[in-house]
S.K.: 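Got a structure here, written out as structure tokens. Questions coming.
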Protein chains: 2
Amino acid sequence: MATGRTHRPATRSRGIPEATVARLPLYLRALTALSERSVPTVSSEELAAAAGVNSAKLRKDFSYLGSYGTRGVGYDVEYLVYQISRELGLTQDWPVVIVGIGNLGAALANYGGFASRGFRVAALIDADPAMSGKPVAGIPVQHTDDLESIIAENGVSIGVIATPAGAAQQVCDRLVAAGVTSILNFAPTVLSVPDGVDVRKVDLSIELQILAFHEQRKAGEEAAGEPGAVLQARKESGKGPDGDVPAVMPA
Amino acid sequence: MATGRTHRPATRSRGIPEATVARLPLYLRALTALSERSVPTVSSEELAAAAGVNSAKLRKDFSYLGSYGTRGVGYDVEYLVYQISRELGLTQDWPVVIVGIGNLGAALANYGGFASRGFRVAALIDADPAMSGKPVAGIPVQHTDDLESIIAENGVSIGVIATPAGAAQQVCDRLVAAGVTSILNFAPTVLSVPDGVDVRKVDLSIELQILAFHEQRKAGEEAAGEPGAVLQARKESGKGPDGDVPAVMPA
DNA sequence: CCATCTTTGTGCACGCGTTCACAAAGACAT
DNA sequence: ATGTCTTTGTGAACGCGTGCACAAAGATGG
């Protein structure tokens, strides 16, 4: 054990806060849509609405990148697209490998979102020999044995893990040893990696459980009809008052 | 006395912070693994390591649920599994519909993580008539026309959107109108929903772009000497109440 | 029953992120 | 040129989440 998991805030080199970085892709997407409609400029208010965030937050986010706006007018769409793309590192090519070509891996390989930006699926890797050579999304699947050489030859630094949970850590270790320093993990496991390696996880099960929690809370509030209490004031409250099950302390 | 508070204390009995809720599934997963190995009790230190978090954080998280631990011993695994499951609402059955049975939708339908907990795939829905009746993961795909009746008949309150971006908002609107109040969105779009509806999004493209940012930053630091760029100054310090981040001079 | 040891539960301080509110900056009309 | 109007950029306040450090609580052994 002793997982060396030390999630570095990493907010140091350039002053860009992590929360801002996480929103930049959102802005970029909205800006790209505007660009395709040939919209020349956009105000923080409009763009914020399109991205689903607060306009003040958006302006502060952009302020970390520099002063790219014009007061009284707004932001130049094309210029901002370029600046954000550059900031995110999307002006260069990022070869990516996907490990684990099951249902999910195949779905990811077919996902158009990859190629649209700077990402390119360099290789698909699977442990099943029966998969080897079989084309998925037009790319022939290669065997896990060749993982290291594939990484090296393609200069891959980003890996996507879509294997079963049991194989994830092992695959992760091999990817890291081969030189991968950023991992997107779809397997429902906590990966432990050395410092300097970034891991982001996408976990369907966790997301559903969080939704279930809120769903239960809503249902509880609905049913918790306290007599003589608020009867119609429950409309848009983000957080309702307690009104939860009484603490029945089961021993 | 005092009582300046005009509204809910929020720190009331059941005020579980969102950040804590997001970690509960993680703890639950680790605890389930321990349970399967018939481990009777676990300390906060051990469990925290397994879940990849700080032990103090874990203890504080559990303190929001109540005092379920025994000092000098730790936490009873089985009991804690039950308590967290109950808190997350996993002791009940949650029928879920998946809309958009493409590569991703099929992968989700096949994902075992659904059934393992309280979630049950009640129906698969797709707009393509050619898909209707075709079984995916043992469940026949139904047409979008029947969306409303499917939701109603199965009492579905959680919907998963795995359609192309262009169809997502429309599907979302129909789901909400039909009574769904929690949505897990895999389409790369910002969904707008009325108050009272929860949306969580899973966006592969965004995750990759965030990784690319950090990857670029690592590469930049490695090269260390980019003109007009890297100017890293403060790292950690007393941290004054200043604004931080001197303006970066755009080239 | 008392001493000691282990581990929980939490008060407190700190830093990050969000939001408000407004001065500064520029566009535009007269 | 000057005044007005629009929108940015940001100082400041606030709230949330995190982690430290320690007292309280209970187990365990003599």
S.K.: Would a line drawn from the ring center of B:Y68 to the ring center of B:Y75 be shorter than 6.0 Å?
M.R.: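 Judged by ring-centre distance (under 6.0 Å), B:Y68 and B:Y75 do not meet the cut-off.
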
S.K.: Assess whether atom CD of B:Q92 is packed by more than 12 heavy atoms of other residues, nucleotides or ligands within 6.0 Å.
M.R.: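 Above 12, so yes.
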
S.K.: Could you check whether any side-chain heavy atom of A:V53 comes within less than 4.5 Å of a side-chain heavy atom of A:D61, counting everything from C-beta outward?
M.R.: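 Contact flag for A:V53/A:D61 side chains = no.
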
S.K.: Considering only heavy atoms, which members of residues 35-53 of chain A lie under 4.0 Å from some atom of DNA chain D?
M.R.: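 The answer is A:S43, A:S44.
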
S.K.: What nucleotide, of D:dC20, C:dT10, C:dT19, holds the atom closest to the side chain of B:N54?
M.R.: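 From the listed options, D:dC20 comes nearest.
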
S.K.: Just so I know, are the side chains of B:I183 and B:C172 near enough to count as touching, which here means a heavy-atom distance under 4.5 Å?
M.R.: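 They are in side-chain contact.
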
S.K.: How many Å lie between CD on A:E18 and P on C:dC16, as a whole number?
M.R.: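 Going from A:E18 (CD) to C:dC16 (P), I get 12 Å.
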
S.K.: Would you say that B:F213 contacts B:Q209 through its side chain, given a criterion of any heavy-atom pair below 4.5 Å between the two side chains?
M.R.: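 No, side chains not in contact.
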
S.K.: Rounded to whole Å, how long is the line connecting atom OH of A:Y64 with atom P of C:dC16?
M.R.: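 In whole Å, C:dC16 P and A:Y64 OH are 10 Å from each other.
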
S.K.: Of the nucleotides D:dG9, D:dT18, C:dT18, which has the atom closest to the B:R23 side chain?
M.R.: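 The answer is D:dT18.
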
S.K.: Between D:dG9 atom C1' and A:L65 atom CG, what is the distance in whole Å?
M.R.: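 Result: 13 Å.
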
S.K.: Using nucleotides 23-30 of chain C, report all nitrogen or oxygen pairs with the protein that are shorter than 3.5 Å.
M.R.:
residue	atom	partner	partner atom	Å
C:dA24	N3	A:R71	NH1	2.7
C:dA25	O4'	A:R71	NE	3.4

S.K.: Can you check whether B:F186 reaches A:L204 side chain to side chain, under 4.5 Å on heavy atoms?
M.R.: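 A side-chain contact exists here, since the closest heavy-atom pair is under 4.5 Å.
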
S.K.: What pair of heavy atoms forms the shortest contact from B:S44 to B:L58, and how long is it?
M.R.: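 Looks like CB-CD2, 3.7 Å.
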
S.K.: Regarding C:dT18, can its base be found pairing with the side chain of A:K60 as donor and acceptor, where the two atoms are less than 3.5 Å apart?
M.R.: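 Answer no: no donor N or O sits under 3.5 Å from an acceptor.
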
S.K.: Checking A:K218 side chain against B:T181 main chain: does a donor-acceptor pair fall under 3.5 Å?
M.R.: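 Confirmed, A:K218 side chain pairs with B:T181 backbone.
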
S.K.: A:Q83 CD to D:dT8 C1': how many Å, rounded?
M.R.: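 One finds 17 Å between C1' of D:dT8 and CD of A:Q83, rounded.
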
S.K.: Please figure out whether A:D61 or B:Y75 has its closest DNA chain C nucleotide nearer the 5' end.
M.R.: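 On the 5' side of the pair lies B:Y75.
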
S.K.: Is the closest basic N to carboxylate O distance between B:D203 and A:R29 below 4.0 Å?
M.R.: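 Answer for the salt bridge query: yes.
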
S.K.: Choosing from D:dT18, C:dT10, D:dT10, which nucleotide comes nearest the side chain of A:S63?
M.R.: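 The nucleotide sitting nearest to the side chain is D:dT10.
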
S.K.: May I have the distance from B:R59 (atom CZ) to C:dT6 (atom C1'), rounded to whole angstrom?
M.R.: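 After rounding, the reported distance stands at 12 Å.
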
